[in-house]
Visitor: 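I'd like to ask you about the structure that follows.
Because the structure is a prediction, the values reported are computed rather than measured. Basis for what follows: all heavy atoms, side chains included, without hydrogens, waters or symmetry-related copies. Note that ligands are numbered from 1 as they come in the structure, with each ligand's atoms numbered from 1 the same way.
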Amino acid sequence: MKYSIAIDGPAGAGKSTVAKIAAKRLGIPYLDTGAMYRAAAVACKQNAVDVKDWDAVRAFLPFMNIEVRYLPTGEQRMISDGEDITHLLRTEEISQGASLVSMIPEVRDYLVELQRKVAHAQAVIMDGRDICTNVLSDTPHKFFITASAEERARRRVKQLVEQGQPADYETILNDIIRRDKQDSEREYMPLVCKEDTIKIDTTELTIDEVVDALLREVRE
Ligand code: DC
């Protein structure tokens, strides 16, 4: 694999599921960059730094120490200040915190540098919001994976119900709409789909169909 694969798209569109399967099939590492913004939000929370207070986050940034580690199985773990915080990343509070902290240019610059280091050594598959437009803008393999907000909310409800957790469709839909707006309307490196990027709408597709479509394009 000569070139890396870049995937962008809104929250809950299935990017990471597709990227993980494609990475296995291609035998290359997968980097979930959303997990890095989530780790930054957790680090702020643990140090009582308000993610809405940009100056406070900027003052904390020199002390932020985020690392990506891979288990032998290929699973990505997020480390903050030496502590594995992966189990803390997937709450609604941290989803919202990550979206807020990702608006701050200095936070983005810090994490993008880490992302580029991972991609420097070898071809990778990476997903996020600014991967096609910024982090891996040189790669010819660029994808935008999306689905309607309603479908993404339905999938999230199903996932939570399967985990035995409470799930309210309206609340989840509103969270998704708010996060989409924040991620695509922020000033610095917003989520956008440019003309050089292949858009895949997954609303009516299965995961396998999306993976097949992506790999077909890459192989061509
Ligand atoms: O993909 P995710 O839901 O785990 O991402 C969490 C938040 O991080 C998302 O709301 C926006 C931000 N993010 C970003 O700004 N840029 C990225 N490359 C990845 C995520």
Visitor: Any chance the side chains of N134 and Y188 put a donor and an acceptor closer than 3.5 Å?
Guide: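 There is no such pair between these side chains.
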Visitor: Q182 and R179: side-chain donor and acceptor closer than 3.5 Å?
Guide: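 No - no donor-acceptor pair under 3.5 Å links their side chains.
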Visitor: Taking atom types as modelled and ignoring hydrogens, do the side chains of D127 and S16 form a donor-acceptor contact shorter than 3.5 angstrom?
Guide: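 No.
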Visitor: Does this structure show an ion pair linking E162 with K158, if we count only N-O contacts that are shorter than 4.0 Å?
Guide: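 Counted as a salt bridge, because a side-chain N and a carboxylate O are separated by less than 4.0 Å.
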Visitor: Distance alone, cut at 3.5 Å: any donor-acceptor contact between the side chains of T202 and R155?
Guide: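 Indeed, the side chains of T202 and R155 share at least one donor-acceptor pair under 3.5 Å.
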Visitor: Return a table of N or O atom pairs, ligand 1 on one side and protein on the other, at distances under 3.5 Å, rounded to 0.1 Å.
Guide:
from     : atom 1 : to   : atom 2 : distance (Å)
ligand 1 : 1 (O)  : R129 : NH1    : 2.9
ligand 1 : 1 (O)  : R129 : NH2    : 3.3
ligand 1 : 3 (O)  : R38  : NH2    : 3.0
ligand 1 : 3 (O)  : R129 : NH2    : 3.3
ligand 1 : 3 (O)  : R179 : NH1    : 3.1
ligand 1 : 4 (O)  : R38  : NE     : 2.7
ligand 1 : 4 (O)  : R38  : NH2    : 3.3
ligand 1 : 10 (O) : R179 : NH1    : 2.8
ligand 1 : 10 (O) : D183 : OD1    : 3.3
ligand 1 : 10 (O) : D183 : OD2    : 2.8
ligand 1 : 15 (O) : S102 : OG     : 3.3
ligand 1 : 15 (O) : R108 : NH1    : 2.7
ligand 1 : 15 (O) : R108 : NH2    : 3.4
ligand 1 : 15 (O) : R186 : NH1    : 2.9
ligand 1 : 15 (O) : R186 : NH2    : 3.0
ligand 1 : 16 (N) : R108 : NH2    : 3.0
ligand 1 : 18 (N) : T33  : OG1    : 2.9
ligand 1 : 18 (N) : R129 : N      : 3.1
ligand 1 : 18 (N) : D130 : OD1    : 2.9

Visitor: Are side-chain N/O atoms of S102 and R129 paired as donor and acceptor at under 3.5 Å?
Guide: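 No - no donor-acceptor pair under 3.5 Å links their side chains.
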